[in-house]
2 protein chains.
Amino acid sequence: MSEVAATGISVLLVDDHPIVRQGYRRVLESQGDLHVVAEADNAADAYGAFKAHDPDVVVLDISMPGASGLEAIRNIRARSPRARILVFTMHNEAVLVKAAFSAGASGFVTKSSEPSAVVSAIRSVARGERAMSDDIAHILAEDSLSAGSALDQLGEREIEILRQFAGGATTEQIAAHLNLSVKTVQNYHYLIKTKTGARTDAQLVRLAATCGLTRI
Amino acid sequence: MSEVAATGISVLLVDDHPIVRQGYRRVLESQGDLHVVAEADNAADAYGAFKAHDPDVVVLDISMPGASGLEAIRNIRARSPRARILVFTMHNEAVLVKAAFSAGASGFVTKSSEPSAVVSAIRSVARGERAMSDDIAHILAEDSLSAGSALDQLGEREIEILRQFAGGATTEQIAAHLNLSVKTVQNYHYLIKTKTGARTDAQLVRLAATCGLTRI
DNA sequence: TGCAGCTCGGGCAAATTTCCCAAGCCGGAT
DNA sequence: ATCCGGCTTGGGAAATTTGCCCGAGCTGCA
């Protein structure tokens with residue numbers, strides 16, 4: 001990794017849209033010091049490409065079909081802890097950002113960012129620094145005023161209720177199934193939302209899905 | 001339009017992600033005959049850019065904040081019926097494709113397509129032909145055979161609201177994006193639930209995901 | 001011309017969400 | 001032993017949303 005300064009930064013691009021990859025490749029390579037050494041269009045291939053090319057930075061869109069991008073991050077980091085992964089996606093929900101970082105990402109940049117911001121984020125990540133775009137920093141800052149992390153902050157009961165809820169069960173069904181009062185389930189529902197930072201039931205479902213709690 | 005062969009094809013790029021536009025621009029311009037004469041990052045600016053530059057083809061991503069891309073299509077076509085619009089998006093649901101064509105699009109290409117397919121679609125559209133990528137043709141074909149999914153009962157507005165809702169947007173955000181009152185969005189929310197038979201927001205999100213309306 | 005369907009929103013009772021609070025339980029720290 | 005903190009379980013009350021009904025404007029179509 002110390003040869004970065006001499007040889008430039010090698011990049012693995014992971015995105016499920018060919019033209020998008022193609023475009024990124026051109027934007028990055030026009031920088032001179034960035035070289036796209038491989039591409040992958042799904043989470044499963046990402047690790048294989050990583051192993052084969054040992055890139056300095058993985059630029060990865062977490063909204064892909066198939067295995068979640070979060071799993072791809074965990075996958076790569078589990079076997080190559082020194083991997084640098086920059087998440088690059090259109091999503092900007094605090095829960096997702098936190099989940100990505102706790103899965104082992106080094107940076108998080110939205111597609112709304114200027115190209116220059118993306119490029120400098122790649123360089124930062126290659127240097128081993130943490131990087132995120134301004135909008136993400138804003139969202140995290142606001143979110144963190146009340147603290148609360150992602151799924152691992154949830155207790156046993158909360159996880160169970162979230163799973164059933166995200167699976168499509170009504171409050172009454174959950175209460176009946178777990179032998180709780182409706183009120184208690186409602187309270188858990190609220191608690192889970194505040195703990196995860198989800199502002200909407202839909203965000204909750206998405207969180208559960210991206211964390212592998214439910215399959216859709 | 002007959003000077004296309006002599007001067008190449010001028011293109012207006014409409015997409016809300018700067019790097020994505022940047023990338024497309026490079027991919028298209030590397031073709032030699034395609035020239036990106038303007039860009040826009042929202043539906044509102046799209047018509048202004050169209051009027052100012054009179055491009056041969058508008059390449060447009062319909063999943064943008066602000067006015068829906070479908071409205072942008074109608075907007076442009078209403079005032080310039082000879083405009084050629086190629087929808088270029090990650091979405092691939094039959095309902096959306098049909099809506100786009102009936103709004104006046106000349107072509108529909110998914111981001112999963114190979115760059116060469118996108119480029120040739122642009123050339124086809126510039127010649128006044130209809131164009132769509134293979135996956136879209138497949139989906140339309142299957143759709144016309146099958147009884148139709150739960151989403152077929154929904155109108156355009158309902159689809160748009162469902163997409164944003166399932167994507168994690170709050171009622172207020174949707175109302176602001178689409179310039180509707182909160183009450184209207186709430187009514188649509190309710191209507192969508194009754195039409196699709198979903199008893200829970202979570203079920204709605206799952207439905208949207210399984211129908212390909214949203215990616216998780 | 002008239003019907004049908006989409007879009008947009010008001011109204012209002014019923015339900016849910018949002019917070020705040022309390023109590024019992026349990027594990028760990030002092 | 002005792003206390004602290006976190007989990008689980010629920011009550012209460014205000015704020016908001018939902019569920020459902022309604023009407024009006026518009027468009028396309030017969």
Side-chain angles (χ1 to χ4, degrees), chain A residues 143 145-166 168-205, chain B residues 43 67-75 77-78 81 95-96 98-104 148 150-166 168-205 207:
Chain A
D143 179 84
L145 288 182
S146 59
S149 209
L151 266 195
D152 27 64
Q153 302 275 346
L154 300 181
E156 196 80 18
R157 214 91 245 235
E158 290 156 341
I159 292 278
E160 183 56 34
I161 288 174
L162 173 56
R163 182 203 318 286
Q164 296 196 23
F165 169 75
T170 67
T171 301
E172 285 84 359
Q173 289 171 339
I174 298 175
H177 199 266
L178 298 180
N179 251 232
L180 297 175
S181 78
V182 168
K183 180 63 186 170
T184 298
V185 177
Q186 289 176 336
N187 279 337
Y188 271 115
H189 192 331
Y190 167 72
L191 199 62
I192 293 168
K193 276 211 262 187
T194 59
K195 275 193 180 181
T196 58
R199 324 223 312 95
T200 286
D201 283 354
Q203 291 179 14
L204 220 45
V205 175
Chain B
S68 120
L70 291 177
E71 287 180 38
I73 297 176
R74 263 188 291 275
N75 215 334
R77 294 277 300 189
V95 270
L96 247 193
K98 289 193 265 187
F101 277 118
S102 78
L151 292 188
D152 280 351
Q153 336 164 39
L154 302 181
E156 269 176 39
R157 219 73 264 230
E158 290 157 342
I159 291 278
E160 182 61 30
I161 287 173
L162 174 55
R163 185 211 316 294
Q164 296 196 22
F165 169 75
T170 66
T171 301
E172 285 86 356
Q173 288 172 340
I174 298 174
H177 281 163
L178 299 181
N179 241 273
L180 296 174
S181 80
V182 167
K183 179 61 184 171
T184 299
V185 176
Q186 289 174 337
N187 279 338
Y188 272 114
H189 191 333
Y190 166 72
L191 201 61
I192 293 167
K193 276 211 262 187
T194 58
K195 275 193 180 181
T196 58
R199 325 220 315 90
T200 288
D201 283 355
Q203 291 177 15
L204 219 45
V205 175
L207 176 70

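The sequence lines fix the lettering, A, B, ..., with proteins before strands; numbering per chain opens at 1. Just so you know, these numbers come straight off a predicted model, no measurement behind them.
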At under 4.0 Å between heavy atoms, what does A:T184 touch on the DNA or RNA strands: base, sugar-phosphate, or nothing?
base

Could you go through nucleotides 20-28 of chain D and list every protein N or O atom that sits under 3.5 Å from one of its N or O atoms, giving the distance for each pair?
from	atom 1	to	atom 2	distance (Å)
D:dC20	OP2	B:Y190	OH	3.1
D:dC20	O5'	B:Y190	OH	3.3
D:dC20	N4	B:N187	OD1	3.0

B:I192 and B:E158: which non-hydrogen atoms are nearest, and at how many Å?
CD1-O, 3.4 Å

Considering all heavy atoms, the nearest A:L204-A:A198 contact:
CD1-CB, 3.5 Å

Could you tell me the boundaries of the chain A footprint on DNA chain C, defined by atoms under 4.0 Å from its heavy atoms?
C:dT16 to C:dC19

I'd like to know if A:E160 pairs up with A:R157 as an ion pair, taking the criterion as any Lys NZ or Arg NE/NH1/NH2 lying under 4.0 Å from an Asp or Glu carboxylate oxygen.
no

Is any side-chain N of the basic residue among B:R74 and B:E156 closer than 4.0 Å to the acidic one's carboxylate O?
yes

Degree of bending in the helix from C:dT1-D:dA30 to C:dT30-D:dA1 once both end axes are built from five pairs, to 10°
30°

With rounding to the nearest 0.5 angstrom, report the CD to OG1 distance, B:Q164 to B:T171.
11.0 Å

Is there side-chain contact between B:V185 and B:F165, with heavy atoms separated by less than 4.5 Å?
no

Could you check whether B:E172 gets within reach of a base, just the sugar-phosphate, or nothing at all, counting any heavy atom under 4.0 Å?
sugar-phosphate

Which residue lies more 5' along DNA chain C, comparing B:S181 with A:Q186 via nearest heavy atoms:
B:S181

